[in-house]
Peer 1: 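Right, I'll just put the structure down here and ask away after.
Read the numbers this way: they start at 1 and go in the same order the structure lists the ligands and their atoms.
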Amino acid sequence: MINHPAFVVEPWSVHETELQLDRLAQTESIFALGNGHIGLRGNLDEGEPAGLPGTYLAGFYEARPLPYAEAGYGFPEAGQVVINVTNGKLIRLLVEDEPLDIRYGELRSHERVLDLRAGVLRRKLEWVSPTGRAIRISSTRLVSLAQRAVAAIRYEVETLDGPTPVVVQSELVANEKPPVAESDPRAAAALASPLHSVYSGDRDSRVLLEHSTHASGLTMAAAMDHIVDGPPHVQASAESFEDIGRLLVSADLVPGKPLGLVKLLAYGWSAERSPPAILDQVAGALAEARHRGWEGLLTEQREYLDDFWERADVEIDGDAELQQAARFSLFHTLQAGARAERRAIAAKGLTGPGYDGHAFWDTETFVLPLLTYTVPPAARDALRWRRSTLELARARAGALGLKGAAFAWRTIRGQECSGYWPAGTGAFHVNADIADAVLRYQAASGDEEFAGAEGVELLVETARLWRSLGHHDDTGSFRIDGVTGPDEYSAIADNNVYTNLMAERNLRAAFDATRRHPQRAAELGVDEEEAASWRDAAQAMLIAFDEQRGVHAQAQSYTEHEVWDFAATSSAQYPLFLHFPYFDLYRKQVVKQADLVLALHLRGDAFSDEQKARDFAYYEQLTVRDSSLSACTQAVIAAEVGQLELAYDYFSEAALIDLDDIQHNARDGLHIASLAGTWIGAVAGFGGMRDHDGILSFNPRLPQALTRLAFRLCVRGRRLLVEVGHEQATYSLLRGSTLQIVHHGEQATVHAKRPVTRPIPAAPAVEKVSQPAGRAPRRRGGPSRSGA
Ligand code: BGC
């Protein structure tokens with residue numbers, strides 16, 4: 001694991017004090033800004049050097065064929081790849097006649113700060129050009145959370161020694177050259193020149209470029225406008241061509257009189273609207289941004305975030321680095337989903353092209369718990385995005401010979417894009433994960449309108465899928481054979497416990513939904529017999545248990561497989577999927593990511609405490625965490641079974657996954673599920689929060705090093721503050737009149753202005769657990785990342 005001394009530990013920002021070119025791509029992900037609609041990687045203003053240039057629009061992709069060496073019936077034929085769209089971040093600078101490029105001349109200082117409260121990225125640098133001219137640059141960049149289509153940059157250049165002629169070139173550039181292709185399957189299939197020009201034009205300080213994709217038939221427009229304030233005799237002129245538009249601002253600078261430029265950006269796209277309509281949309285957004293002005297945009301951003309932090313902040317006392325990491329995690333999860341508004345929330349958010357910009361179950365299982373309890377409308381919109389893919393999911397189920405809907409395992413628009421069916425199509429659990437997110441959202445928000453419309457549809461169509469995918473065997477048990485659970489080092493197994501338990505809840509909930517919304521159910525063609533068949537399947541669900549070992553089998557016969565030879569596997573051979581064939585991983589006991597352990601969390605109501613401890617210990621020794629979607633779940637269950645120090649280690653890993661580049665691929669984009677998992681680790685781990693069947697319960701307990709944990713939850717219009725210490729926990733209502741909760745098994749009613757304080761019982765005695773050789777999480781409490 002790498003420890004980077006580059007970020008200073010501060011509670012509300014990520015602060016880099018020097019530029020390290022070898023880590024440029026990672027820091028571009030970390031310093032990415034987004035609002036769920038627009039995503040700007042933290043590329044340097046002048047564009048070069050760059051690790052990976054990136055500007056993304058949620059849902060905007062190019063289609064590409066998925067060629068197979070040996071094709072089979074039902075294999076998806078086309079893939080979808082996120083596109084690096086027109087880059088509006090670019091502000092190049094010519095100092096005398098030397099372009100600012102930090103690889104030349106002398107970089108005296110370079111500092112970047114991601115300010116989590118202001119919602120901006122600030123950069124300051126001092127550079128001496130090869131011809132000896134010293135300048136200072138300050139830039140502040142924001143992607144507006146309040147104005148969905150708008151981003152803006154304030155750029156200021158100042159000469160430090162004597163009169164200096166400069167030219168500031170503010171640009172829009174389409175079809176930037178893609179980086180060299182990588183062999184890691186988690187990286188993206190970069191497309192060369194994915195955009196073709198539809199329109200380009202300029203007027204005064206404004207430029208508009210519009211492009212379409214070749215195959216997916218989408219059209220996007222990017223527009224920029226500027227407000228220049230600077231020394232007298234500044235000259236500005238704009239020009240535009242097919243793939244490039246620029247504003248050139250020339251000035252003669254003298255010390256103490258900087259040249260300032262505010263660049264306003266607007267982005268829009270559509271599959272339906274005409275090119276003129278999209279141009280109008282961005283022109284309108286620009287006019288609105290101009291109307292707000294730079295200060296107005298900053299103020300709105302701050303107000304949006306003040307409100308967010310009031311609803312969502314997680315306070316961690318006793319570990320400053322984790323406090324910073326937790327807020328960083330919350331901020332990026334917000335940026336991924338805040339304004340996605342019925343577009344997919346990708347595994348990398350809009351921070352990089354990894355996984356081709358696809359959304360997975362990551363959204364429903366990891367991101368939506370956080371959004372549900374902190375920004376409920378964003379959770380609703382994400383579920384509405386899934387709902388918008390229902391027709392495609394029905395068609396997919398039909399093609400697979402199944403009923404109901406089979407939602408895509410990985411996609412941007414909704415079509416299945418996984419070319420590897422054992423871990424794509426086979427991973428049917430995504431359907432139950434969607435149902436689970438629906439139930440959580442409905443219970444936490446009380447949104448009856450959603451429940452009666454999209455909610456019923458999603459529950460009914462996924463229940464239909466389960467009913468047709470499984471069958472009652474001779475003994476009457478309901479089996480779901482030949483599917484892949486969360487652990488991608490197993491595939492096409494019978495009765496994966498996680499899948500069966502999640503499907504059981506799905507079937508039961510669909511049955512209940514038809515009782516609560518009989519009319520909508522009838523419109524969907526559900527009759528008594530069908531609903532009863534779901535209830536019966538749920539009641540008869542087979543849960544694989546190994547009597548001999550006294551543990552649940554991840555899937556039937558799993559515990560009889562040979563155990564992976566961990567002793568003979570070197571640390572350089574992880575992640576295993578890059579060094580061993582899947583056929584071998586599949587036939588042995590080795591767990592890529594929490595699977596049965598995730599069932600212990602999400603279906604904790606189906607296990608006894610003793611069983612959880614036994615199952616956790618068993619799967620700990622097999623779990624290698626080759627996926628970032630594991631540590632947070634291990635933290636949650638470790639905390640539940642009383643392994644608090646281990647939970648702390650896992651929690652730290654989830655939280656620091658990108659700041660410390662633990663998986664060595666933060667360059668391709670951040671691991672949004674793991675970042676959201678930081679919230680899960682705090683709230684469900686140390687807070688012990690569960691919401692089975694809509695009942696909110698807490699079993700809080702802290703590891704030694706933490707002195708206090710506080711978090712907030714939005715529940716049915718109320719706001720609950722939970723504060724946890726070592727001895728006791730306090731529940732206060734910040735908004736709303738009363739709320740029923742359960743604390744360590746005891747009911748309590750929290751009233752407004754009457755906080756409830758309860759003692760925390762001692763943790764249960766624990767048995768020692770171990771991990772595969774070399775795969776234990778790094779111990780927390782070692783040297784910190786920064787000297788600050
Ligand atoms: C994990 C999947 C996950 C995907 C995207 C894979 O490595 O195994 O569970 O959905 O990454 O994050």
Peer 1: Parallel, tilted or perpendicular for Phe366 and Trp361, by the 30°/60° rule?
Peer 2: perpendicular
Peer 1: Heavy-atom contacts with Trp361 under 4.0 Å: which atoms of ligand 1 show up? List them by number with element.
Peer 2: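 Going through ligand 1 atom by atom, the ones under 4.0 Å from Trp361 are 2 (C), 3 (C), 9 (O), 10 (O).
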Peer 1: Examine the proximity of ligand 1 to Arg410 and report which part, side chain or backbone, both or neither, has a heavy atom under 4.0 Å away.
Peer 2: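 Contact part for Arg410 vs ligand 1: neither.
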Peer 1: Strictly by modelled atom types, are Thr425 and Arg396 linked by a side-chain donor-acceptor pair under 3.5 Å?
Peer 2: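 There is such a pair between these side chains.
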Peer 1: Inspect the contact between Glu364 and Arg386 and indicate whether a charged nitrogen and a carboxylate oxygen are less than 4.0 angstrom apart.
Peer 2: yes
Peer 1: Please report the C-alpha distance between Tyr574 and His579 in whole Å, then the side-chain angles of each, then the deciding distance to 0.1 Å, and finally whether the ring-ring contact (aromatic ring centres under 6.0 Å, His included) criterion is met.
Peer 2: CA-CA 7 Å; Tyr574 289 95; His579 302 93; 8.4 Å; no
Peer 1: So, Tyr498 and Asp433: side-chain donor and acceptor under 3.5 Å apart, yes or no?
Peer 2: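 Present: a donor and an acceptor within the cut-off.
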Peer 1: Atom 2 (C) of ligand 1: which protein heavy atom is closest, and how many Å away?
Peer 2: Glu488 OE2, 3.6 Å
Peer 1: Return the closest protein heavy atom for atom 1 (C) of ligand 1 as residue, atom name and distance.
Peer 2: Gln593 OE1, 3.5 Å
Peer 1: Are any of the N/O atoms in Tyr355 less than 3.5 Å from those in ligand 1?
Peer 2: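 Yes, there is a polar N/O contact under 3.5 Å.
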Peer 1: Identify, for atom 10 (O) of ligand 1, the protein heavy atom at the shortest distance, and state residue, atom and that distance.
Peer 2: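 Here the closest protein heavy atom is Asp362 OD1, 2.6 Å.
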Peer 1: With atom 4 (C) of ligand 1 as the reference point, say which of Trp409, Phe360, Phe577 has the nearest heavy atom.
Peer 2: Phe360
Peer 1: Could you tell me whether Arg690 and Glu640 make a salt bridge, using a distance below 4.0 angstrom between a side-chain N and a carboxylate O?
Peer 2: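 Answer for the salt bridge query: yes.
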